[in-house]
Amino acid sequence: MTPASASDAAPTIAWTTSKGVAASASWHSEAGVSAPRRVELANDTLSADSAYRLACAGTGMLWRGDFQNARQLLQALARRADNKPAKAAARAAEKAAAASPPDRFNLHRQAQSQRARTLGTLLIALEPDYSIALRRAPDWRVAITEAWGAPTGEPTVASLRELLGVVGAHEWRKTGVEIPLLGEAPGNRIHPHYGVFSPIRGEYLDLVAQQPLPGDTSLALDIGTGTGVLAALLVRRGIKRVVATENAPRAQACAKDNLQRLGLTKQVELHSADLFPPGRAPLIVCNPPWLPARPASPLEHAIYDEGSQMLRGFLAGLTDHLTPGGEAWLLLSDLAEHLGLRSRDELLGWMAAAGLRVLGRSDVRPHHAKAQDASDALYAARSAEVTSLWRLAAAE
């Protein structure tokens with residue numbers, strides 16, 4: 001049993017082998033989780049109850065047994081994490097019921113974070129080529145390379161939970177997400193890359209598809225394009241040229257890949273930019289992250305926009321980038337309002353301060369599963385959520 005060590009430049013994890021030899025490897029966590037301070041070797045003899053006690057104490061368990069048994073153990077840990085003792089569950093429910101909406105949201109995020117830390121203590125060692133030297137281990141080298149880049153030639157340790165996320169993202173990327181609004185199959189799929197938000201919530205796409213286009217269809221800007229799905233939809237609707245911006249390298253690569261797959265590289269220009277490219281356009285579209293909270297990991301930036309920085313930057317820059325008579329489409333969920341994280345008056349105030357007026361608004365109810373799940377911790381807010389397309393223009 002040994003402590004793990006880490007540095008900002010090259011985090012590492014260390015342990016003692018079954019023969020008493022010191023060993024170490026690079027620590028990899030896309031979620032930004034620090035390496036466990038204590039590590040124990042674990043194999044098929046470890047019971048789920050014992051593993052859960054180690055996990056709750058923050059002890060990393062470096063797996064040395066059958067790989068499929070490790071997957072079963074992770075499932076057992078998840079069941080224990082989700083099925084808390086009745087008294088503890090009652091206390092948590094009572095605390096949440098008495099909390100304000102923002103505090104209830106923060107309690108929910110804390111619980112999610114604690115669950116992730118607990119389940120992230122089951123560790124898998126990767127060989128220098130990302131292969132796994134365990135009995136009945138799958139070959140995940142392609143999936144890991146897609147997510148992390150080429151192997152560094154050094155052994156690596158990562159949590160099994162994160163590796164399963166990598167593999168899940170690989171399957172999404174390989175299969176793609178069918179978007180009927182883009183046309184007929186098979187040329188209507190968007191292939192999300194690891195770490196890029198997948199367009200599985202289709203209500204905002206429906207709003208863009210149904211909104212009448214402005215009179216000038218020569219050019220549109222898609223701010224923060226992500227997978228490129230909105231840029232593609234605008235072209236399919238008749239916009240002759242789209243300039244799409246993105247500042248995240250993974251999203252840039254994802255959008256480029258999807259535009260190539262869809263045959264739209266001549267109609268869509270992809271620019272690396274925080275928000276706006278140079279110039280003006282008669283239509284500007286943006287679907288920013290909808291919750292003004294701090295991302296807990298690099299992978300959460302598509303959901304959380306701390307201080308509403310992207311939203312406010314988008315609104316503040318519109319009058320400098322809209323052509324006379326042009327309009328902007330802001331796609332935004334009001335979930336933050338129901339959670340008490342941002343008020344409608346704040347949003348309208350930012351619009352007015354940016355010299356904007358509201359031309360109209362189209363609303364749609366979300367149809368994702370959590371909006372109908374009464375057992376969800378945030379059900380009251382989710383069940384009231386509305387996604388809107390705000391039509392904005394420069395104030396006269």
Side-chain angles (χ1 to χ4, degrees), residues 169 172-173 175-193 195-214 217 219-246 248 251-252 254-265 267-268 270 281-291 301-303 305 310-311 314 327-336 359-372 382 385-392:
W172 275 106
R173 177 172 176 171
T175 305
V177 179
E178 187 174 6
I179 310 293
L181 294 171
L182 293 180
E184 297 182 357
N188 63 354
R189 288 185 175 273
I190 291 292
H191 297 258
H193 290 196
V196 182
F197 192 73
S198 176
I200 54 177
R201 287 188 55 167
E203 59 265 19
Y204 72 96
L205 299 178
D206 292 336
L207 289 171
V208 171
Q210 295 164 9
Q211 183 62 46
L213 294 173
T217 59
L219 174 65
L221 306 182
D222 176 18
I223 307 303
T225 193
T227 62
V229 63
L230 283 179
L233 181 55
L234 290 171
V235 171
R236 292 285 195 250
R237 289 210 56 203
I239 299 295
K240 297 177 179 61
R241 175 169 163 259
V242 176
V243 176
T245 67
E246 181 57 62
Q252 291 173 13
C254 180
K256 181 179 180 181
D257 176 40
N258 282 310
L259 294 171
Q260 289 176 339
R261 289 174 182 268
L262 295 170
L264 299 178
T265 54
Q267 295 96 325
V268 182
L270 187 61
L283 176 63
I284 304 177
V285 178
C286 183
N287 176 34
W290 57 89
L291 291 177
H301 283 277
I303 302 172
D305 177 21
M310 181 177 178
L311 171 59
F314 171 72
E327 64 182 70
W329 294 354
L330 171 64
L331 295 152
L332 194 65
S333 158
D334 68 354
L335 181 61
L359 299 176
R361 196 183 80 227
S362 301
D363 300 331
V364 64
R365 291 278 185 179
H367 38 258
H368 59 85
K370 287 187 177 180
Q372 287 82 41
R382 294 191 197 279
E385 180 186 5
V386 169
T387 299
S388 301
L389 185 155
W390 294 79
R391 294 177 55 232
L392 306 172

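Residues L389 and R361 fail the side-chain proximity criterion, which asks for heavy atoms closer than 4.5 Å. Contact of the S333 side chain with the Y204 side chain is not registered, since no non-hydrogen atoms from C-beta on lie closer than 4.5 Å. In this structure the side chain of Q211 reaches within 4.5 angstrom of the side chain of S362, judged on heavy atoms. Side-chain contact between L230 and L331: present, with at least one pair of heavy atoms (C-beta onward) separated by less than 4.5 Å. Taking 4.5 Å as the limit, every side-chain heavy atom of S388 sits out of range of all side-chain heavy atoms of L332. Counting heavy atoms from C-beta on, the side chains of Q252 and K256 never come closer than 4.5 Å. Between V364 and D206 the shortest side-chain heavy-atom distance does not fall below 4.5 Å. Within the 4.5 Å cutoff, side-chain heavy atoms of L330 are placed close to those of L311.
Interatomic distance, T387 OG1 to R201 CZ, rounded to the nearest 0.5 Å: 5.0 Å. Expressed to the nearest 0.5 Å, how far CG of L219 lies from OG1 of T217 amounts to 10.0 Å. Distance check, rounded to the nearest 0.5 Å: CD of Q210 to CG of L205 gives 10.5 Å. To the nearest 0.5 angstrom, W329 atom CH2 is 10.0 Å from L207 atom CG. Taking CG of L213 as the reference point, atom CD of E327 lies at 9.0 Å (rounded to 0.5 Å). Residue L283 holds its CG atom at 9.5 Å from CG of D222, rounded to the nearest 0.5 Å.
Using modelled atom types and a 3.5 Å distance limit, the side chains of D257 and H193 yield a donor-acceptor pair.
Listed here is the closest heavy atom pair of C254 and P192: SG-CA, 3.9 Å. The two residues N188 and E178 come nearest to each other via the heavy atoms ND2-OE2, 3.4 Å. Closest heavy-atom contact between P214 and P282: CG-O, 4.3 Å. Residues G224 and E246 approach most closely at C-OE1, 3.5 Å, considering heavy atoms. The shortest non-hydrogen separation linking R261 to R173 is NH2-O, 4.5 Å. Listed here is the closest heavy atom pair of D305 and P289: CB-CB, 3.7 Å.
Taking the six-membered ring where the residue is Trp, the centroids of W290 and F197 are separated by under 6.0 Å.
The only option from V177, I179, I190 that meets the side chain to side chain contact (heavy atoms under 4.5 Å, CB included) definition with T227 turns out to be I190. Screening L264, L233, N258 for a side chain to side chain contact (heavy atoms under 4.5 Å, CB included) involving L182 leaves a single residue, L233.
One N or O on the side chain of R237 and one on the backbone of V208 form a donor-acceptor pair closer than 3.5 Å.
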